[in-house]
Amino acid sequence: MLDINLIRSNPDMVREKLARKGYEVNFAEFLELDANRRQLIGETERLKAEKNKTSAEIPKLKKEGLDTTEVMARMKQVSDQTREIDEQLAELNARQQSFLEALPNLPADDVVAGGKENNEVIKVVGTKPEFAFAARHHVDIVEKLGIIDYTRGAKLGGSGFWVYRKDGALLEWALLNYFMSCHLRDGYEMMFPPHILTYQCGYTAGQFPKFKDDVFQLRRDDGEDFTHFILPTAETALVNLHRDEILSEEELPLKYFAYTPCYRKEAGSYRAEERGMIRGHQFNKIEMFQYTTPEQSDAALEELVAKAAELVEGLGLHFRISKLAAGDCSASMTKTYDIEVWIPSMDDYKEVSSASNAGDYQSRRGNMKFRRQSTGKTELMHTLNASGLATSRILPALVEHYQQADGSVIIPEVLRPWMGGREKIEVK
RNA sequence: GGAGAGAUGGUCGAGUUGGUUUAUGGCACCGGUCUUGAAAACCGGCGAAGGUGAAUAGCCUUCCGAGAGUUCGAAUCUCUCUCUCUCCGCCA
């Protein structure tokens, strides 16, 4: 959510920045509504002040044995009047709220306008692998090795699910262990959050109400609307950890990571082009998350990107880092870097990590603050998140990069400690 | 799933025959006096959001788990919901 004072004091600046995200808005009606709203607040508060003052007098008058019927009649009038104004106010507040919560975050000053086409590749690591034989698609490789079972995955969960088996399961677990060991080394706190979250969690993250139909929703037996959902990313959980809290400045930055599967409906996604495990309804991901002061968040974003890049680099995969244009960033984010790994069979780079700074956008939605030591005042925190990493695209990239002519796959050195020290996954 | 108890501003904890409580008091914390320094003692301060202000000054409004209701007036009465704790049952 944006700062309403910013819109009041500088609507043109806000409008211009939102336009860079491709979001057109006119604040004229909003500002008029806001002025109207504030006038009503003044009216009702004056009446309430009178009510409070008089109410204190009533017991005194009664004690003196005076007649209070006239005063009470006047108070009844005041009461009815405030009730009427408060009803109008409630409606204006609701309208203002839904307008405000629909506005995306403002892009950072160094983020260029426009959509995907304006994304800028800022770093390329490694080179495209070359093969002296006919390179295979990852689906063919893993099926031949018998380490991913798509057929039975679909039998269990339907289209968009798979089963990791044997060395595939081990490899998946090795990747997660490798990621986690790096985060622990860097002093991030490990946690396992619930996978089923309340509606409020999606709201704070900035994913709801707009994208509430993209998640798997859970309804109570008698409920019309859903109260819980299965998390689409651990970010949704981590961003709510300190909701409605005031932290002390010395605690910041707080650095967390969590492993969870991610569950997404992906309704209407193009499956044909993305054969295999590029886009499934469930995938494993480790998410990094930071709570910072406003002045810490720029450096925190750089740290998160560097960490994610280090993980991919450690696996020896070819990848690039893109700085997203304003329109390609998620609604909640001021600035986003994507790390995209090369998938030979697709002749393309695919996102394996997205690192973003939400500024105070999520904090305002979730009322997440810290107390500034120098002033003693509360301020909104900044929140940042980055995958570190999702495995569903790493594993395909990995088996394609490291495939051998005989169908076996070399295991990157960093994963071997979790693969029984072996160097290769062999065709049996 | 059944029964019971509870939820008060950082924390502990008063207040529930509705009205001089503007939400006691202790602790913690902050400032000051005292002290070579510290402790103790004493004095003062000490929640959040909003409106109006140039104001981080005043003044006003709201908030006692959440929402609705009764009333001139609700922490206190009524209803619904959420969460926590205890006991019983069931269970990986």
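In what follows, chains carry the letters A, B, and so on, assigned in the order in which the sequence lines appear, proteins first and then strands, with residues in each chain numbered from 1. The figures that follow rest on heavy atoms only: side chains count, while hydrogens, waters and symmetry mates do not.
- Taking the C1' atoms as reference points, U20(B) lies 29 Å from C27(B), given to the whole Å.
- Taking atom P in both A38(B) and C34(B), the straight-line distance is 12 Å, to the nearest Å.
- Checking G1(B) for Watson-Crick or G-U wobble geometry (two distances, each under 3.5 Å) identifies C88(B) as its partner.
- Within the nucleic acid shown, Ser79(A) comes within 4.0 Å of sugar-phosphate atoms alone, with no base atom in reach, counting heavy atoms only.
- Here A48(B) is the nucleotide among G50(B), G19(B), A48(B) with the atom lying nearest to any side-chain atom of Thr378(A).
- A close approach under 4.0 Å does not occur between any side-chain nitrogen or oxygen of Arg83(A) and OP1 or OP2 of G73(B).
- Atom CG in Asp34(A) sits about 8 Å away from atom P in G51(B), given to the nearest Å.
- A tilted orientation is assigned to the rings of Phe257(A) and His183(A), their planes being inclined by 30° to 60°.
- Nucleotide A39(B): unpaired (no Watson-Crick or G-U wobble partner with both distances less than 3.5 Å).
- U16(B) and A75(B) have their C1' atoms separated by 8 Å, given to the nearest Å.
- To the nearest whole angstrom, the two P atoms, one in U76(B) and one in U84(B), are 23 Å apart.
- Dashed line: the shortest gap from a side-chain N or O of Arg46(A) to OP1 or OP2 of U61(B) is not under 4.0 Å.
- Using a 4.0 Å heavy-atom distance criterion, Lys48(A) is classed as a sugar-phosphate-only contact.
- Across all strands shown, C79(B) forms a Watson-Crick or G-U wobble pair with G67(B), both key distances being under 3.5 Å.
- Taking the six-membered ring where the residue is Trp, Phe208(A) and Tyr199(A) present tilted rings, their angle falling between 30° and 60°.
- With no hydrogens or angles considered, a side-chain donor-acceptor pair links Tyr188(A) and Gln290(A) at under 3.5 Å.
- Put simply, CG on Asn93(A) is 15 Å from P on U62(B), counting in whole angstrom units.
- Glycosidic torsion of G53(B) falls within 90° of 0, placing the base in syn.
- Ala56(A) comes within contact range of no nucleotide atom at all, as no heavy-atom separation falls under 4.0 Å.
- Rounded to whole angstrom, the span from the CG atom of Leu40(A) across to the C1' atom of U52(B) amounts to 15 Å.
- As the counterpart of A48(B), U62(B) is assigned, both hydrogen-bonding distances of the Watson-Crick or G-U wobble pattern falling under 3.5 Å.
- The side chain of Lys76(A) lies closest to C72(B), out of C60(B), G51(B), C72(B).
- Comparing G58(B) with A39(B), their P atoms sit 30 Å apart, to the nearest whole Å.
- Phe99(A) and Phe27(A) have perpendicular rings, their planes meeting at more than 60° on a 0 to 90° scale where under 30° would count as parallel.
- With salt bridges taken as basic N to acidic carboxylate O contacts below 4.0 Å, one links Glu310(A) and Arg185(A).
- Here Met72(A) lies in heavy-atom contact (under 4.0 Å) with a base.
- Glu45(A) has its CD atom 4 Å from the C1' atom of U61(B), to the nearest Å.
- Atom C1' of nucleotide A48(B) and atom CG of Leu247(A) are separated by 15 Å, given to the nearest angstrom.
- Here G50(B) presents its P atom at 9 Å from CZ of Arg8(A), a figure rounded to the nearest Å.
- Both Ala73(A) and Lys53(A) lie close to RNA chain B; mapped to their nearest nucleotides by heavy-atom distance, the more 5′-ward contact belongs to Lys53(A).
- For the pair Arg37(A) CZ and U52(B) P, the interatomic distance rounds to 9 Å; values are reported in whole Å.
- Thr227(A) has no side-chain polar atom (N or O) that falls below the 4.0 Å cut-off from OP1 or OP2 of C81(B).
- A distance of about 23 Å separates the C1' atoms of G44(B) and G37(B), rounded to the whole Å.
- Of the C1' atoms belonging to G67(B) and U62(B), the separation is 16 Å, rounded to the nearest Å.
- Seen from the ring of Phe216(A), Arg264(A) does not count as a face-on cation partner, given the 6.0 Å and 45° thresholds.
- Both Glu50(A) and Ile58(A) lie close to RNA chain B; mapped to their nearest nucleotides by heavy-atom distance, the more 5′-ward contact belongs to Glu50(A).
- Figure legend: cation-pi geometry between Lys212(A) and Tyr203(A) absent, as NZ or CZ is not positioned both under 6.0 Å from the six-membered ring centre and within 45° of its axis.
- Between A49(B) and Lys369(A), a contact under 4.0 Å exists linking OP1 or OP2 to a side-chain N or O.
- Using a 4.0 Å cut-off, some side-chain N or O of Asn52(A) falls inside it from OP1 or OP2 of U62(B).
- The side chain of Arg371(A) places an N or O atom within less than 4.0 Å of a non-bridging phosphate oxygen (OP1 or OP2) of A48(B).
- Residue Asn367(A) has no polar side-chain atom (N or O) positioned under 4.0 Å from OP1 or OP2 of A49(B).
- Nucleotide G19(B) forms a pair with C72(B), judged by Watson-Crick or G-U wobble geometry with both contacts under 3.5 Å.
- Comparing the same atom, C1', in C29(B) and in U17(B) gives a spacing of 39 Å after rounding to whole Å.
- In this structure, Asp244(A) atom CG and C83(B) atom P are separated by 16 Å, rounded to whole Å.
- At U61(B), none of the side-chain N or O atoms of Thr44(A) fall inside 4.0 Å of OP1 or OP2 (strictly under the cut-off).
- Between Asn240(A) and Leu197(A) there is no side-chain heavy-atom pair separated by less than 4.5 Å.
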